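So the structure is just underneath, and the comments pick up after that.
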Amino acid sequence: MSTTPDDLDGRFTLLTAVARYDVLRTREALAGPGDEDEDEDEGEGAGAGGPGDPEGAPLARGEALELLALGEVIARKALYGRQLSVRSARRVGASWSQIGAALGTTKQAAWEAHKRWIDEQAERDDDPGHWGWDEDAIAAPHALAGEPGEPGGPGEGEGPEGREGREGREGKGV
């Protein structure tokens, strides 16, 4: 059985990957130090609780590798969902400053990450097993994302502070 993120990606949804990760991570945490059996390669380890106590069993090599690969699968799926949420926020009129703040980053970094993600989706159109965007489909997300310096883009067309900065100055009589 292969334990690469690419192999596991198609077998797990985000929810099922997190559930399996949690099971393996819990077993890893509950196995006492020195319970590892380095000769085990696949299957359930025989740990502190013995073969009848899977929660006390240390991870076998294959399971430890699966845990690592699942961590990457979860990160990838969460990033994909994050970018879909960014697109939804743009669709309902959120500025890049607002999106950046919600992500704990700058508007420029949020915009660049989203633009990179859009471009990666276009590149994946020909990858087997992946649903990417063709040239026609890529135009709408690019238009929604905007460009630096355009209204709605990272520069929001209104100087370094963007629309929020102007509204703050206007409200204070500046």
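Quick caveat: nothing in here was measured; it's all calculated off a predicted structure.
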Please answer: with hydrophobic residues joined when any side-chain heavy atoms are less than 4.5 Å apart, are L24 and V73 in the same cluster? yes

Could you tell me if the ring centre of H114 sits under 6.0 Å from that of W117? yes

Please name the pair of heavy atoms, one in S97 and one in K107, separated by the smallest distance, quoted to 0.1 Å. OG-CD, 3.2 Å

Expected output: side-chain E72 to main-chain A69 donor-acceptor under 3.5 Å: no

Would you name the heavy atoms of L14 and A78 that are closest together and state the gap between them? CD1-N, 4.4 Å

Are the side chains of K77 and D9 in touch, meaning some heavy atoms are under 4.5 Å apart? yes

So OG1 of T16 and CG of L70: to nearest 0.5 Å the spacing works out to 8.5 Å

Restricting to non-hydrogen atoms, name the atom on T4 and the atom on D7 that form the minimum distance, rounded to 0.1 Å. OG1-OD2, 2.9 Å

Quick one: do V86 and L103 satisfy side-chain contact (heavy atoms from CB on, under 4.5 Å)? Show the steps, please. CA-CA 9 Å; V86 167; L103 295 174; 4.1 Å; yes

Just by distance, do the side chain of S85 and the backbone of G81 share a donor-acceptor pair under 3.5 Å? yes

List the steps and the verdict of salt bridge (charged side-chain N to carboxylate O under 4.0 Å, His left out) for K115 and D119. CA-CA 6 Å; K115 176 98 167 72; D119 294 340; 3.5 Å; yes

Side chain proximity check, R27 to L59, heavy atoms < 4.5 angstrom: yes

What pairs with R25 under side chain to side chain contact (heavy atoms under 4.5 Å, CB included), at least two apart in sequence or on another chain? Y21, E28, A29, L67

Closest non-hydrogen atom pair, G100 against A110: CA-CB, 4.0 Å

4.5 Å side-chain heavy-atom contact, L79 and R76: no

If you define the side chain from C-beta out and look only at heavy atoms, does anything of R91 sit under 4.5 Å from S88? yes

Single-linkage hydrophobic cluster L68~F12, side-chain heavy atoms < 4.5 angstrom: no

Rounding to 0.5 Å, atoms CZ (R11) and CZ (R20) come to a distance of 9.0 Å

Would you indicate whether the side-chain heavy atoms of Q108 and W96 approach each other to under 4.5 Å? no

T3 side chain reached by E63 side chain, heavy atoms, under 4.5 Å: no

With salt bridge (charged side-chain N to carboxylate O under 4.0 Å, His left out) as the criterion, how do R116 and E120 come out once you've worked through the C-alpha distance, each side chain's angles and the decisive distance to 0.1 Å? CA-CA 6 Å; R116 218 175 10 258; E120 288 169 2; 5.1 Å; no

